[in-house]
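One structure is given here, and the rest of the page talks about it.
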Amino acid sequence: MEQLLDGFATALTPTHLLFAAIGVLLGTAIGVLPGIGPAMAVALLLPVTYGMEPTGAFIMFAGIYYGGMFGGSTTSILLNTPGESAAVVTAFEGNPMARKGRGAQALAAAAIGHFTGGIIGTILIVLLAPFVAKHAVDIGAPDLFAIMVLAFIAVTSVLGSSRIRGVASLLIGLTLGLVGLDEMTGQQRLTFGSLHLADGIDVVVVAVALFAVGEALWVAAHLRRKPFDPIPVGRPWLSGADLKRTWKPWLRGPVIGFPFGAIPAGGAEIPTFLSYVTEKRLSKHKDEFGKGAIEGVAGPESTASASAAGTLVTMLTLGLPTTATAAVMLAAFQTYGIQPGPLLFQREAGLVWALIASLFIGLTLLLVLNLPLAPLWAKLLRIPRPYLYAGILFFASVGAYAVNADIFDLLLMFVIGLLGFGMRRYGLPVLPAIIGVILGPAAEQQMRRSLQLSDGSLVGLVNSPMAVIVYVVVLLIVFFPLIRKFLPKPAPPTTPAPEREKVDA
């Protein structure tokens, strides 16, 4: 608690408060634009923080993170175009509400849901993160490698239309992560004799290319001639009847979202869907679902926000990003020479607790700033698509160039952007590739350390109880679809045959 109060003392300085407010506004403004989720918002705004001291930069990122998430749900409600995967479920009820003229209430339910889920999730970070970090120090190289393998398998199995596509995307990421000098031997790998590639491909360049450039090219290829017609929004407010229906879903959200965020299971898609199903089952207004039930907005939004907090526990204590946004945040830490992991709470205690305190501040600012500004965000949706994506490409180019001030990075970004376009064309999810680029080199390092400790014996990879348990979980994930085929299927309910109607001759 003492360290958290010190964190608040750091985060509540006028300069840092200004950074948090700018982060929230920038995150929402970019997150509101169609097809741009918080991951792309953070990737595009990474270069903005170059030259800033780390604490100020991460306080701004905290605002961008939650602002981008709220922006994604705004597009989902008003345009039926989710800005990110976590906001897909929100569109189920949010858009029908908006079409009925209740867009303002849907946005208010989403904003308060984000605030509630985020605050509860952040309180859980305060309680759990130091405990996890304390015990994570004892985790050895074989255990870390096993956890990274679990992250790879979980992400490829959960996302995308097929496991093969998930694995293909992961292999693309791992290959990009191999480029550069071998850390242990100094041998050049996949550099094709180019000195520009000797240092490897910067994670920021890969993230911006796959997210921003790939998405812009994909949308340009499918640009609709007919412009979207956004739904006008009044001032968001909730009546007493609405509050009565939403307070329970707001509180149930974190119970579902936080644990899913903390385990490497592909982010907020599964928990938000589970939340939606739960609210539908528990609601007294089941007939409204599909036509604009406010519980279907409140529950999933609270769940998504708590899940985002859960991902930060894994990222800060183990250095494992479980979502695309966390992966880009990890890249941001690395650009400042800070490696998230068990020792982060000892080496960079001031920075970590200021970041956690800024999550509370960012969420409060999100609610205070975004409820009155909802009509303004709705107007951003009127920007013509060609101008919008030209702007994205411009910011992406500036961001990639700012990393090393090297024209080669720009060319590399557009080549990888074309790869991102091809991945979207053939249905390959982008997240496994990003996770592969970031975790690949670290996983290789831990694997080689484990093998060195065991004199090259493969037993060295499974010589601890934790590693064995993790590999058992991996095998269950891999073989579950096969096992499910042999499980007895539940018999369909038998209904008595209707009596044959007597027909008068």
Which pair of heavy atoms, one from [X] and one from [Y], lies closest together, and at what distance?
| X | Y | value |
| --- | --- | --- |
| Pro254 | Ala306 | CA-CB, 3.4 Å |
| Ala332 | Phe61 | CB-CE1, 3.6 Å |
| Gly177 | Pro441 | O-CG, 3.7 Å |
| Ala309 | Thr122 | CB-N, 4.0 Å |
| Ile119 | Leu363 | N-CD1, 3.5 Å |
| Thr175 | Leu190 | O-CD1, 3.7 Å |

State, yes or no, whether a side-chain contact exists between [X] and [Y] at a heavy-atom distance under 4.5 Å.
| X | Y | value |
| --- | --- | --- |
| Val415 | Leu411 | no |
| Leu451 | Leu458 | yes |
| Pro340 | Leu330 | yes |
| Val213 | Phe421 | no |
| Leu312 | Met329 | yes |
| Leu355 | Ser358 | yes |
| Ile125 | Phe258 | yes |
| Arg189 | Leu181 | no |

State whether the side chain of [X] and the backbone N or O of [Y] hold a donor-acceptor pair below 3.5 Å, judged by distance alone.
| X | Y | answer |
| --- | --- | --- |
| Thr311 | Ala308 | yes |
| Arg163 | Val478 | yes |
| Ser307 | Thr303 | no |
| Thr13 | Thr10 | yes |
| Ser169 | Arg165 | no |

What's the spacing between [X] [atom1] and [Y] [atom2] if we round to 0.5 Å?
| X | Y | atom1 | atom2 | value |
| --- | --- | --- | --- | --- |
| Leu12 | Phe360 | CG | CZ | 12.0 Å |
| Arg449 | Ser454 | CZ | OG | 14.0 Å |
| Leu393 | Met413 | CG | CE | 7.0 Å |
| Met447 | Gln452 | CE | CD | 10.5 Å |
| Thr15 | Met52 | OG1 | CE | 10.0 Å |
| Tyr336 | Leu351 | OH | CG | 10.0 Å |

Would you check, one step at a time, whether the test side-chain contact (heavy atoms from CB on, under 4.5 Å) holds for Phe145 with Leu461? CA-CA 8 Å; Phe145 177 66; Leu461 297 176; 4.1 Å; yes
Requested in this report: Any chance you could lay out the side-chain contact (heavy atoms from CB on, under 4.5 Å) test for Leu366 and Thr28, step after step, and finish with the verdict?
Outcome: CA-CA 9 Å; Leu366 186 73; Thr28 312; 4.1 Å; yes
Pair Gln3, Val352 - check side-chain contact (heavy atoms from CB on, under 4.5 Å), show working. CA-CA 9 Å; Gln3 286 179 314; Val352 173; over 6 Å; no
_If you apply the rule side-chain contact (heavy atoms from CB on, under 4.5 Å), what do you find for Leu210 with Ile416, and how did you get there?_
CA-CA 6 Å; Leu210 287 180; Ile416 298 171; 3.8 Å; yes
Quiz prompt | Leu195 atom CG, over 12 foreign heavy atoms within 6.0 Å | solution = no
